[in-house]
Structures are given as C-alpha cells and as structure tokens.
Amino acid sequence: MNYDSQNFVRVRFAPSPTGPLHLGGLRTALYNYLFAKRYGGKFILRIEDTDKKRFVSNSESYILETLKWCHIEPDEGVGYGGPYSPYYQSKRINIYRFYINQLLEKGYAYYAFDTDIDIERKRKEYNDCGLTFSYNSKNRMYLNNSLTMTKEQLNRRLQSCSSYVIRFKIKPGEKFNMYDIIRGNIIANTDHLDDKILLKSDGGATYHLANTIDDHIMKITHVLRGEEWLPSMSFHMLLYRAFGWIPPYFAHLPLILRKDGKGKISKRNADRSDYPIFPIQWKAPDTQIVIPGYRELGYFPEAFVNMLALLGWNPGIKREIFSLRELENFFSLEKISKSGVFFDIKKVNWFNKKYLNKKKEEILFFLCKELKKRSIQYKKDFLWKIIYQTIDRIHFIHEIWEHSFYFFISPSSYESSFFNKICHKKSISHLENEKILLSNTSQFTYENLKSLFKNNQNKREIMQLLRLSLVGFLKGIDLFMIFEILGKEESIRRIEKLINKIKEKI
Ligand code: GLU
C-alpha cells in the first residue's frame, strides 16, 4: 500500500482506562506505532474514558509506563500534548454535543425516553416468548421516543427535564460493502443492527459516538484495533456517512489465543494464569493485589516487543530477531494474519534468551552485586569465564546466580538423595585415587583433564562423585570446565571435603 506524504498516516491507540493493558492491548499499540513509523506518520494516544462505571484510577499511568518501557512512545496525545487536545474523551463532551445536534437535525438520531425499567420489562416480555429484544426499526415506533411524538410534545418533554438518551436511527433493509485491510470486503446488513445509544442519560457520549467523532476530528487515517471491534465497524461506517465524513481505513487485528485451546487471552484470572498477562506489574487499586508483569520477571523490553510484533504479523522472510528500528522499516498491514494467533510462553522465553546474549555486561553487573552482597571477593576475568560458560543455560539475567554459585561457594552440604545413593565406603578410595591423579596433573586444563579420565573404568560413578564434591548437586556445566575454572587447589580441597563427609557417614 502506498501512502503519499500529502495524506500522511495518523493512527491512534485508544485504550479505555478500565485496568491494566494486557498482551493484546499492547500489541494493538505496537502495530499502530510501527505503522506510523513505517510511513513517517504520527502515533496518537487517546484515552477513551466515556464509561465512568468501569473507570480504574491508575490505568492511565500504567498505560503510559508500559509504552515507555517498550519504547513505543506516542508523538501526540495524553501525556504528550498536541494540536487536538484534550485527548481525554471525558473532556470533549461539548464537541460530542455539537455533533450530535447535527445528527438530530438531519434526522439520523432521535430522543428516547424509555427508562431502564421500561427496557428491562421489554426484554423480559421478549424473553418469555423466546425472543431477544433489541431497540430497532421493527419496534421503535411502539416505544417511548421522539419518533412517536409531535414537535410540541417533544419540546414539552425535553423542557420537563425528563431523562433521555439519543439513539441512532438505522435505516432497515440496506446492504452495503465495507473494506477491512486485513479481512478484505465485508458485507454489512442494517437489518442486523439496533438503534445504538449515542448519548447516554447522564449526558455522556457512548464509545461509538465519541470514537467516530474523535477519529474524524483528529484526522485519523487508519484505525488499527482488535478484532473484538469488527462487529461495530458497520455501525461506525453508518455514523461516518450520516455526518458526511470520509471514514478512515480499518484493519482489525487477529485475536491472541491461549495455546491450550481455551479461548482468547484475557485479563480475567490474570493472577492465576500460568504465564504473565501484563507487560509490567499491576497493583489493583481496590484489593492492592500485585500481579507481576514481564518487566518484573526479567524479560527484556526488546525481546518482548520483538515477540509481540511477530504475534500476528509475519515479516515475509525467514527471520525472527528484529530490533524496534528494523521492525519500523519492515512492518506492513498486508502481512497481518486473518486468523487468531496462539500465544506460547516458551516462545517468549526463547526470544528473551536470544537477547540475553547481548546483555553480558548486565549479567556481569548482576553477578558482581550478588557477590558483594555475600562479601565474596572476585576477579573480573574469573567472572567472565563463568558467564561465557553458563550463559547457554539461562533465559534471564537473574538466573545466572543459581547456575554459577558453586564457583564461589564451596558446598557445605550435599544433595541428600545423591549423597545417600552414591557415597559409600568404596567411594572414598575412588575419590582418593582421583585426588592423587589430579594433584599430579601439571596442566590443569579442560582438554588435559578430559583425556585423563577418558579410560577410567568406573567413569560414570566417579564423574558423579566428583561433580557432587565440586557442586554439592549433580548439576552444573561440563565437569572438566568446572575443574579448570576452580583450579587445582580448590578442586582438591572440595574433593577432600566430600571424603571427610563420607567418612563421617560410615
Ligand atoms: N476504547 C476502545 C478499547 O479500549 C478502543 C476501540 C477502538 O480502537 O476503536 O478497546
């Protein structure tokens, strides 16, 4: 798709402040950001806070912090300012009122005075007959609205301050074509639409009204949003038409599905999920429950963003590692998948591991901190050697300690199940022999030590005993490398320690 600079790209991320962003929400923000960058356009953050009942106080700061962490900051909008301020819908009510009057005047909207109780009664009536009530062209002439009143009756009603909503008047029996960049042509049928509320009884605009007006006023060229909004598209198209505005392009992004086949990823049960749902830590303002996010668990924002970019978009080449700058150059809407995409935490870990290789300095820093905490002296060269040998075994910086502590701390106890299983009287002589062998080795290097043990008859058993003596567990990197890094003296000291421990046992 070509976008000339005259009609330059303006996209928006328009979250409702109803809680933390989850993976899907953040991916929507990322795709908007990438699309804007790809075409030299603007990425706008608009807070859609029209639903006061669902407002959650710290959502906005959460959204801003998350975007910052991911380095996908808006060019314009809440927290960034811009020519179309305010970017909070709650502060734009006069704009919505101005525009809704246009719809009323043109006959595209009407006042409805039915109370919640009236509507509830209707619902029940329909339900009892096995039907579903919806406020639409079939029944609006039997309901309590301005379409069934004279002008005088309406004026009297409005002056008497009775509460009302304003509804969109859908013309029945019309089929029209819509185009979605990802899904192609879609046929809409107005017979399937109800007369949605545009202005609520508290005077506030609904999502549909505010969203459409703002996208037009803010000169949004492309609406990239989650698939859950696809059913609203036809209604939004009719609103654009009623206003006489050219609609933006639409692209509805595929759902992110759970790998276990249990539907889409959702915020519900986030605290019980077996993988994190939120990008950064969320502290619920009501319960004060804290749910850690990817950031707190040690994921790198670059890895996380790289993973998210490929969760529904494919670059068209056989390559998975992309920096944000590279993504900005490659991204295109045409390569977004139509069908839902499966989220796999193993893949996220894979991405983190790939990026870990570029974080050796940070690993060193972390390791130094752990050693200082324990007042352990160290030499940098020694640490580098350990980092190079262990990095393949870890996915996160913080894992370095559990994979390398034995280089700094001689075991004071031994994993009991192995100790009981492999340490017997006979083991003492095995270990004594190895001790002598090692003491006589002048070149205490990996290759040398490896060849030393090559023809050992009880190789498996002896290797296990030696590993237990050096590590305390039957874990760790290549045994001969551990020997080389620890050096002759320390290795022998540890072997003696295990011999003494076995002697105590028998
Ligand atoms: N406020 C809506 C949301 O939170 C935005 C939908 C849209 O982008 O049009 O998902």
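We count ligands from 1, going down the list as the structure has it; atoms in each ligand are counted the same way. Throughout, numbering of the chain's residues begins at 1 and tracks the sequence.
- Aromatic rings from Tyr31 and Phe331 are positioned such that their centres are separated by under 6.0 Å.
- The distance between the ring centers of Trp69 and Tyr62 does not fall below 6.0 angstrom.
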Would you tabulate the polar-atom pairs, meaning N/O of ligand 1 against N/O of the protein, with distances under 3.5 Å, reported to 0.1 Å?
unit_1	atom_1	unit_2	atom_2	d
ligand 1	1 (N)	Ala14	O	2.8
ligand 1	1 (N)	Ser16	OG	2.9
ligand 1	1 (N)	Glu48	OE1	2.7
ligand 1	4 (O)	Ser16	N	3.2
ligand 1	4 (O)	Ser16	OG	3.2
ligand 1	8 (O)	Arg12	NH1	2.7
ligand 1	8 (O)	Arg12	NH2	3.4
ligand 1	9 (O)	Arg12	NH2	3.0
ligand 1	9 (O)	Tyr207	OH	2.7
ligand 1	9 (O)	Asn211	ND2	3.0
ligand 1	9 (O)	Arg225	NH1	3.0
ligand 1	10 (O)	Trp229	NE1	3.1

Only pairs under 3.5 Å count here: list side-chain donor-acceptor contacts from residues 365-372, not counting sequence neighbours, and write none if there are none.
unit_1	atom_1	unit_2	atom_2	d
Glu370	OE1	Arg374	NH1	2.8
Glu370	OE2	Lys373	NZ	3.1

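- The ring-ring contact (aromatic ring centres under 6.0 Å, His included) contacts involving residues 332-359 comprise Tyr275-Phe343, where partners must be two or more places apart or lie in separate chains.
- Each of Asp215, Asp75, Asp214 was checked for a salt bridge (Lys or Arg N to Asp or Glu O under 4.0 Å) with Arg12, and the lone residue meeting it is Asp215.
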If you look only at distance, which donor and acceptor atoms sit under 3.5 Å apart when one is on a side chain in residues 50-58 and the other is two or more places apart or in another chain?
unit_1	atom_1	unit_2	atom_2	d
Asp51	OD1	Lys53	N	3.3
Asn58	ND2	Lys283	O	3.1

